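Below: the structure, in structure tokens.
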Number of protein chains: 2
Amino acid sequence: MSRASDRAYAAIRNMILSGELPPGVQLGEEALAEKCGVSRTPVRDALRRLENEMLVARTDTQRSFVAEWSLDDVRDAFDLRAMLEGYAARLAAGRMTADSLAQLRSANAQIAQAIARQQPDVGAFLEGNRLFHAAILEVAGSRRLVAQLAALVEQPVVWRTAHHYGPAALHRSWSEHEELIAAFARRDGAWAEAIMSSHIMRAYHAYADAHRALSAGPGAANDAADAAIAVEAAE
Amino acid sequence: MSRASDRAYAAIRNMILSGELPPGVQLGEEALAEKCGVSRTPVRDALRRLENEMLVARTDTQRSFVAEWSLDDVRDAFDLRAMLEGYAARLAAGRMTADSLAQLRSANAQIAQAIARQQPDVGAFLEGNRLFHAAILEVAGSRRLVAQLAALVEQPVVWRTAHHYGPAALHRSWSEHEELIAAFARRDGAWAEAIMSSHIMRAYHAYADAHRALSAGPGAANDAADAAIAVEAAE
DNA sequence: CCTGACGCAATTGTATACAATAATCTCTCA
DNA sequence: TGAGAGATTATTGTATACAATTGCGTCAGG
């Protein structure tokens with residue numbers, strides 16, 4: 001992370017995810033270079049990486065812009081993700097070890113702890129969630145699957161709203177993880193796949209509902225919508 | 001394609017696919033730059049692209065090598081591809097238009113023509129095959145799916161052996177395409193998905209059989225193995 | 001008022017020099 | 001002889017200058 005191109009990557013990515021650089025804005029290499037305190041060379045590097053993650057789009061004439069995500073795009077990404085993570089769960093069920101199962105239990109225990117208090121610790125929740133899903137991917141043992149999913153999990157529209165939260169929804173996510181653990185313990189690939197797919201698709205619909213609620217009225221960000229968005233971020 | 005980085009990309013890619021740069025060989029930027037007649041800058045660009053396509057792998061210290069594909073890796077890639085292309089076929093079935101259907105028929109007609117003669121035109125076959133699958137992807141209408149599949153279709157081990165051929169196997173591939181067209185004409189997504197998945201998985205097993213035959217004895221490249229490899233390349 | 005061509009400004013592409021880092025070699029000492 | 005420290009070489013990372021391309025505004029002609 002000490003290389004200039006890594007710093008540029010992290011900085012630009014943050015600016016996009018935080019909304020400082022909203023969708024559609026042009027990303028000039030020189031301007032970014034100045035902002036990041038490096039030269040254009042590492043910025044170009046960073047832009048290529050972000051382009052592969054689809055956070056940045058390029059025109060046919062090589063100009064870069066912050067990618068715009070339509071609701072259809074989000075749907076598309078979730079559909080793919082539901083399929084790929086479902087597949088990962090199926091693979092993992094057939095290769096699950098006692099150690100990995102313990103890791104999963106530990107990650108979900110961390111989640112339980114994060115949501116137990118009155119004011120849930122969303123950061124800890126997301127971290128536990130990340131660990132949980134990463135552990136499954138690792139057991140699945142497909143390098144390609146990891147690479148392909150990496151491009152799908154980073155959704156600006158998600159992260160920008162990820163710090164809202166709703167206790168009930170977070171608890172449901174924990175509970176689905178518990179069910180996944182049960183499926184893994186029984187090495188039931190079909191079951192694990194079904195749970196995982198539905199886990200992801202439910203998240204999509206929670207997002208879509210929140211999106212509708214939010215776009216209906218500008219100030220209509222009520223509790224229900226916030227909760228839904230939180231579920232989304234939490235998978 | 002006139003930009004230097006594009007020329008470098010094409011040149012390096014060719015050297016890998018043709019076997020001139022065998023798996024495991026280190027790819028020094030300077031050496032490649034000289035070989036391609038450009039400076040290191042566009043070579044770096046090209047290497048990043050090839051890395052994303054998994055034709056090139058990098059160590060933790062940023063040195064590039066031609067990627068090595070184990071049989072397990074190939075299996076992994078085919079499994080994913082069977083799933084993703086099957087999904088694409090399902091989507092496409094629900095959105096198929098008369099125009100696109102005509103395109104598919106035309107592409108498969110080109111394939112029929114390529115394999116009709118005594119000495120099949122493998123180049124024309126592969127091109128028709130590419131058109132066929134690309135048309136399906138286009139109808140499926142998922143940008144992400146296109147991007148993800150792109151990383152899976154280029155397999156060095158496949159292309160290096162793609163110029164072997166076996167008439168019977170090529171004809172079977174054509175025939176499966178015809179069946180896909182029938183499924184699309186009836187807008188039967190489940191059918192189309194099943195055919196496509198089996199289409200890809202059969203290709204994998206043809207490849208695996210050929211691989212075993214070839215590694216059993218160095219000079220054991222008999223007709224059956226050649227035919228199998230050809231099917232593989234043809235999806 | 002519209003259209004298109006022209007030229008200037010902005011942006012990206014490439015080459016090159018130099019800095020930083022990793023790999024390799026060698027020599028010494030145990 | 002083997003291991004490790006240090007020097008040497010090879011390789012990659014970064015900055016900068018310049019070339020090529022694209023975008024955009026302006027102005028002339030209809």
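In what follows, every chain begins at residue 1, and chains take the letters A, B, ... in the order their sequences are listed. Being a predicted model, the structure only gives us computed values, none of them experimental.
Distance from the side chain of Arg63(B) is smallest to dA23(C) among dA23(C), dT12(C), dG13(D). Picking from dA15(C), dT12(D), dT14(D) the nucleotide with the shortest atom distance to the side chain of Gln26(B) gives dT12(D). Comparing dG13(C), dA23(C), dT14(D) by their nearest atom to the side chain of Thr61(B) picks out dA23(C). For Ala4(B), the listed nucleotide lying nearest its side chain is dT14(C); candidates were dT14(C), dG13(D), dA15(D).
Regarding Arg44(B), its CZ atom lies at a distance of 14 Å from the P atom of dA15(C), rounded to whole Å. Put simply, CZ on Arg40(B) is 15 Å from P on dT14(C), counting in whole angstrom units. One can place CG of Asp6(A) at 17 Å from P of dA20(C), the figure rounded to the nearest angstrom. Residue Phe65(A) contributes atom CZ, which lies 10 Å from atom P of dT11(C) at whole-angstrom precision. Between the CZ atom of Arg58(B) and the C1' atom of dT21(C) there is a distance of 14 Å, given to the nearest Å. One can place CD of Glu29(B) at 13 Å from C1' of dA22(C), the figure rounded to the nearest angstrom.
Comment: Arg144(A) does not engage Asp79(B) in a salt bridge, judged by the lack of any side-chain N to carboxylate O separation of less than 4.0 angstrom. For the pair Arg143(A) and Asp73(B), the salt-bridge criterion is met [side-chain N within less than 4.0 Å of a carboxylate O]. Look at Arg49(B) and Asp6(B) and you find a salt bridge, because one of the NZ, NE, NH1 or NH2 atoms lies within 4.0 Å of a carboxylate O, short of that distance.
Note that the CE atom of Met54(A) and the CH2 atom of Trp69(A) stand 7.0 Å from one another [nearest 0.5 Å].
For dG13(C), the OP1/OP2 oxygens have a side-chain nitrogen or oxygen of Gln62(A) closer than 4.0 Å.
Between Gly28(B) and Thr41(B), the residue anchored closer to the 5' end of DNA chain D is Gly28(B), taking for each the nucleotide with the nearest heavy atom.
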